[in-house]
Every structure is written in C-alpha cells, then in structure tokens.
**Q** 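Dropping a structure here in structure tokens format, bear with me for questions.
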Amino acid sequence: MIELPYWLVPIDIVKKLKDINFNEKCFFYLQYQRGTQLVLKNPFSLSTETVRNYNLHFDDISLPTWDQVFKWFRRKNIHSHIEYTSDNDSFKIKIEGIHLHTTESFFKTYEEAQKALINKLIEIYENR
C-alpha cells in the first residue's frame with residue numbers, strides 16, 4: 001500500500017474522482033504498472049508542462065490536493081464546508097442546499113470529515 005502525504009487525497013477517493021471525470025491538472029499521479037501495481041509518480045518539476053490532467057490516460061490517476069477537489073466541486077455549483085463545533089468537540093460537514101442527518105455529519109477529526117465530505121460530494125454529483 002502506498003502511503004501518500006496528508007495533503008493529497010487518498011487513493012480510494014481519487015479512483016472515484018476519476019470515474020466522475022475529475023479533470024484538474026495535478027503535479028502528482030499514480031500509474032498502474034504490470035496491470036495492478038500502483039506507483040506514485042512525480043515529474044520532479046513544477047513547470048507548467050508537468051502539471052496535467054493525468055486522468056486522461058488509462059493507466060494513470062491524478063492525485064489532487066484536498067483544495068483542488070473542493071474547488072472543482074464549487075465550479076460544479078456544489079458548495080460545502082467543514083466547521084468545528086466546540087459544544088461536542090467535533091467537526092461538522094455541510095453542503096449547501098442538502099440536509100444531512102446528524103449522525104452522518106459529525107466527525108471526531110478534521111481528516112475524517114474531509115473524507116466523508118468528498119465521498120458525499122461524489123455521491124451528489126453522480127446523482128445529478
């Protein structure tokens with residue numbers, strides 16, 4: 001299993017993003033080698049030539065940052081945010097125009113909330 005830096009979206013989520021045609025240009029990507037093994041790739045250059053939508057290639061999967069994914073959904077008019085609630089020391093996800101049940105909207109850590117929020121945004125996008 002590949003361990004990604006905390007600022008990149010986890011592999012299970014980026015696979016779902018590729019399925020819904022996420023098309024942001026990214027510096028990092030995963031590449032399938034020998035059919036199933038995923039390898040982390042970085043062109044080692046921060047030039048505009050290395051920032052690409054790697055999802056266009058069959059064997060590649062773009063690795064966006066969290067901010068890139070939330071920005072992409074905002075451009076699709078799906079607005080959301082995460083807020084801290086001090087009364088129960090947790091993080092709450094909110095999506096504009098969507099009422100989330102209390103049990104599915106509170107999380108102990110910010111990282112859990114990010115993952116849950118993106119998964120929910122993907123679900124909403126797929127059902128549009």
Side-chain angles (χ1 to χ4, degrees):
M1 184 63 153
I2 298 171
E3 180 140 351
L4 298 176
Y6 71 92
W7 39 270
L8 292 175
V9 176
I11 294 170
D12 60 323
I13 297 175
V14 296
K15 287 178 179 179
K16 293 177 190 177
L17 289 168
K18 182 171 182 163
D19 289 343
I20 63 167
N21 299 316
F22 177 83
N23 60 359
E24 288 296 301
K25 294 179 179 180
C26 300
F27 283 105
F28 295 90
Y29 65 103
L30 293 171
Q31 184 179 65
Y32 282 101
Q33 292 184 348
R34 293 182 215 96
T36 58
Q37 181 186 5
L38 282 171
V39 178
L40 178 63
K41 296 286 187 171
N42 173 4
F44 299 109
S45 169
L46 299 181
S47 71
T48 55
E49 293 85 36
T50 60
V51 182
R52 299 193 324 229
N53 175 12
Y54 293 98
N55 282 340
L56 294 174
H57 306 283
F58 179 76
D59 287 339
D60 299 338
I61 301 172
S62 293
L63 279 175
T65 63
W66 295 99
D67 288 338
Q68 284 179 293
V69 175
F70 291 124
K71 182 178 180 179
W72 186 80
F73 278 110
R74 284 192 303 273
R75 283 201 310 269
K76 305 291 181 191
N77 289 318
I78 307 173
H79 299 272
S80 63
H81 68 277
I82 299 170
E83 65 182 41
Y84 175 73
T85 57
S86 58
D87 51 321
N88 61 357
D89 192 32
S90 64
F91 295 89
K92 181 174 177 60
I93 62 173
K94 292 190 171 188
I95 302 169
E96 184 180 308
I98 306 289
H99 175 71
L100 299 173
H101 302 290
T102 302
T103 56
E104 70 173 348
S105 63
F106 284 96
F107 300 89
K108 290 194 179 291
T109 68
Y110 187 83
E111 292 75 18
E112 289 174 352
Q114 282 183 127
K115 290 177 186 177
L117 180 53
I118 288 184
N119 279 316
K120 192 66 176 173
L121 293 172
I122 290 169
E123 178 187 321
I124 291 167
Y125 185 81
E126 288 176 322
N127 292 323
R128 278 191 164 182

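This chain uses plain numbering: 1 for the first residue, then up along the sequence. When reading the values below, keep in mind they use all heavy atoms of this one structure, side chains included, and skip hydrogens, waters and symmetry mates. The structure displayed is predicted, hence computed values, not measured ones.
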**Q** Starting from Phe106, can I reach Ile95 by hopping between I/L/V/M/F/W/Y residues whose side chains sit under 4.5 Å apart?
**A**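 No.
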**Q** Locate the shortest heavy-atom distance separating Phe73 from Leu121; write the atom from each residue and the value.
**A**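 The pair with the smallest heavy-atom distance is CE2-O, 3.5 Å.
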**Q** With a 6.0 Å cut-off on the ring centroids, do Tyr110 and Trp66 count as close?
**A**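 Ring-ring flag for Tyr110/Trp66: false, centres at least 6.0 Å apart.
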**Q** Hydrophobic cluster membership, with links at side-chain heavy-atom distances under 4.5 Å among I/L/V/M/F/W/Y: are Trp72 and Phe27 in one?
**A**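 In one cluster: yes.
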**Q** Determine whether Ile11 and Ile61 satisfy the following criterion, side-chain contact (heavy atoms from CB on, under 4.5 Å), listing intermediate values before the conclusion.
**A** CA-CA 9 Å; Ile11 294 170; Ile61 301 172; 5.8 Å; no
**Q** Strictly by salt bridge (charged side-chain N to carboxylate O under 4.0 Å, His left out), give each pair with a member in residues 60-69 just once, sequence neighbours left out.
**A**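 Output for this query is empty, none listed.
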**Q** Enumerate the residue pairs fulfilling salt bridge (charged side-chain N to carboxylate O under 4.0 Å, His left out) with a member in residues 117-128, sequence neighbours excluded, ordered by first and then second residue.
**A**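 Matches after skipping sequence neighbours: Glu104-Lys120, Lys120-Glu123.
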**Q** Measure from the side-chain N and O atoms of Thr65 to the backbone N and O of Trp7, and report whether any donor-acceptor pair falls under 3.5 Å.
**A**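 No, because the side chain of Thr65 does not come within donor-acceptor range (under 3.5 Å) of the backbone of Trp7.
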**Q** Looking at Ser80 and Phe70, what are the two nearest heavy atoms and their distance?
**A**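 Residues Ser80 and Phe70, closest heavy atoms: OG-CD2, 4.2 Å.
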**Q** What are the two closest non-hydrogen atoms of Asn55 and Ser62, and how far apart are they?
**A**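 Smallest interatomic distance, heavy atoms only, reads OD1-N, 2.8 Å.
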**Q** Step by step, work out the side-chain contact (heavy atoms from CB on, under 4.5 Å) result for Glu112 and Lys115.
**A** CA-CA 5 Å; Glu112 289 174 352; Lys115 290 177 186 177; 6.0 Å; no
**Q** Quick check: closest heavy atoms across Ala113 and Ile93, and the distance to 0.1 Å?
**A**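 Residues Ala113 and Ile93, closest heavy atoms: O-CG2, 3.5 Å.
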**Q** Test: salt bridge (charged side-chain N to carboxylate O under 4.0 Å, His left out). Region: residues 84-97. Which pairs qualify, not counting sequence neighbours?
**A**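 Listed by first then second residue: Glu83-Lys94.
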**Q** When you look at NZ of Lys76, are more than 12 heavy atoms from neighbouring residues, nucleotides or ligands closer to it than 6.0 Å?
**A**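 Yes, because the 6.0 Å sphere around NZ of Lys76 holds more than 12 heavy atoms from other groups.
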**Q** If you round to the nearest 0.5 Å, how far is OH of Tyr6 from CD of Glu111?
**A**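 The distance works out to 10.0 Å.
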**Q** In this structure, are over 12 heavy atoms from other groups packed under 6.0 Å from Tyr84 atom OH?
**A**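 Check passes, neighbour count above 12.
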**Q** Which atom pair, heavy atoms only, marks the closest approach of Leu4 to Val9?
**A**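 The pair with the smallest heavy-atom distance is CD1-O, 3.5 Å.
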**Q** Any chance you could measure Ile98, atom CD1, to Ile78, atom CD1, to the nearest 0.5 Å?
**A**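 These two atoms lie 8.5 Å from each other.
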**Q** As an exercise, state the distance from CG of Asn127 to CD1 of Ile122, rounded to the nearest 0.5 Å.
**A**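 Answer for the CG-CD1 pair, Asn127 versus Ile122, is 12.0 Å.
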